[in-house]
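I have placed the structure first, in the form of structure tokens, so that the comments after it can refer back to it.
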Amino acid sequence: MTTRDSIPADLVRDLMIEAGYRCAVPTCRTVEPLDIEHIEDYAVVRKHEFSNMIVLCTNCHRRKGTGPRKIDRKALRIIKQNLSVVNQRYNELERRILEHFVENADDRYVLLPETPVLFSYLIKDGLIVGLSGSEVKEALHGETEGGRGFHITRGYALTDDGKRLVAKLRESAEAI
Ligand SMILES: [Zn+2]
């Protein structure tokens with residue numbers, strides 16, 4: 001039986017990554033203690049779905065409800081929608097890479113010029129992996145050197161964890 005307490009570890013991890021390991025409420029962003037909350041009550045939906053779940057600190061969790069001083073479901077949905085914008089874990093380029101994969105379901109990799117920007121967290125979180133030199137060359141086959149106006153030296157592909165997260169982000173984007 002699925003219970004409220006049996007949220008799969010992978011799902012918790014994806015939600016934590018989405019929220020940047022902080023309370024999702026932009027004016028709060030408390031680091032701990034954090035709860036995983038269902039936007040539409042678990043008692044109603046009876047399932048754990050990424051698109052209906054959000055990370056809140058214990059304080060904000062208590063403020064969930066209806067009424068002018070409460071954080072209602074509509075507010076939580078907007079907060080969730082904006083998470084990728086306020087999420088401080090990933091830099092601008094990292095967020096754009098994730099968005100690219102969310103919007104382009106058929107793309108297997110992104111190709112980039114040499115860049116001083118590090119994808120420290122996307123790689124550390126195991127969401128993307130760098131292509132080898134020969135894989136980049138193969139991905140570029142048929143394109144003339146400099147055809148894009150810049151020299152491509154790097155390529156990144158989603159890992160299985162990355163694919164799972166991107167699929168959930170896409171599902172979330174479509175649910176709003
Ligand atoms: Zn909070």
Side-chain angles (χ1 to χ4, degrees), residues 1-105 110 115 117-129 156 158-176:
M1 193 183 99
T2 305
T3 68
R4 204 188 147 77
D5 296 326
S6 65
I7 303 171
D10 274 354
L11 181 52
V12 172
R13 184 167 171 276
D14 290 344
L15 288 160
M16 292 295 281
I17 287 174
E18 179 194 44
Y21 293 83
R22 286 168 176 267
C23 174
V25 176
T27 50
C28 177
R29 305 299 281 157
T30 291
V31 175
E32 63 182 334
L34 298 176
D35 297 334
I36 303 286
E37 175 60 10
H38 294 76
I39 298 173
E40 191 68 54
D41 289 341
Y42 178 76
V44 175
V45 296
R46 310 292 295 169
K47 58 188 171 185
H48 304 305
E49 268 187 326
F50 180 84
S51 57
N52 185 47
M53 296 168 81
I54 193 164
V55 176
L56 295 178
C57 73
T58 311
N59 261 332
C60 291
H61 193 170
R62 265 191 238 117
R63 292 169 60 209
K64 184 192 170 205
T66 49
R69 286 172 171 271
K70 296 284 190 178
I71 304 175
D72 65 11
R73 288 188 190 93
K74 190 178 174 191
L76 284 178
R77 287 212 177 82
I78 291 167
I79 288 168
K80 184 172 171 87
Q81 186 181 14
N82 288 330
L83 266 180
S84 61
V85 180
V86 300
N87 186 340
Q88 297 299 307
R89 188 166 180 82
Y90 301 126
N91 63 41
E92 176 65 22
L93 186 54
E94 288 178 304
R95 292 197 295 267
R96 276 163 58 191
I97 287 172
L98 281 182
E99 280 167 19
H100 175 88
F101 282 122
V102 168
E103 287 161 14
N104 300 278
V110 289
T115 163
V117 178
L118 298 174
F119 311 117
S120 50
Y121 280 111
L122 278 186
I123 288 173
K124 192 175 160 190
D125 291 342
L127 299 176
I128 64 168
V129 62
Y156 297 91
L158 291 171
T159 61
D160 286 345
D161 275 346
K163 285 177 194 164
R164 208 187 54 243
L165 178 70
V166 162
K168 285 173 181 171
L169 292 175
R170 192 179 299 130
E171 181 189 306
S172 265
E174 286 164 0
I176 291 162

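Numbers here are sequence positions counted from 1. Every number for a ligand or one of its atoms is a count from 1 in the order of the listing. What you see below is based on every heavy atom in this structure, not just the backbone, and it leaves out hydrogens, waters and symmetry mates.
E49 is linked by a salt bridge (charged side-chain N to carboxylate O under 4.0 Å, His left out) to nothing, counting only residues two or more places apart in sequence or in another chain. Partners of L98 by side-chain contact (heavy atoms from CB on, under 4.5 Å), not counting sequence neighbours, listed by chain and number: Y90, L122, V166. In this structure K163 satisfies the side-chain contact (heavy atoms from CB on, under 4.5 Å) test together with L158, D160, sequence neighbours excluded.
A salt bridge links E40 with R77: the distance from a Lys NZ or Arg NE/NH1/NH2 to an Asp or Glu carboxylate oxygen falls below 4.0 Å. Residues D41 and K64 are paired through a salt bridge, judged by an N-O separation under 4.0 Å between the basic side chain and the carboxylate.
For the Zn ion (ligand 1), the tally of protein N/O/S atoms lying closer than 2.8 Å stands at 4.
With R164 contributing its side chain and L11 its backbone, the two residues share no donor-acceptor pair below 3.5 Å.
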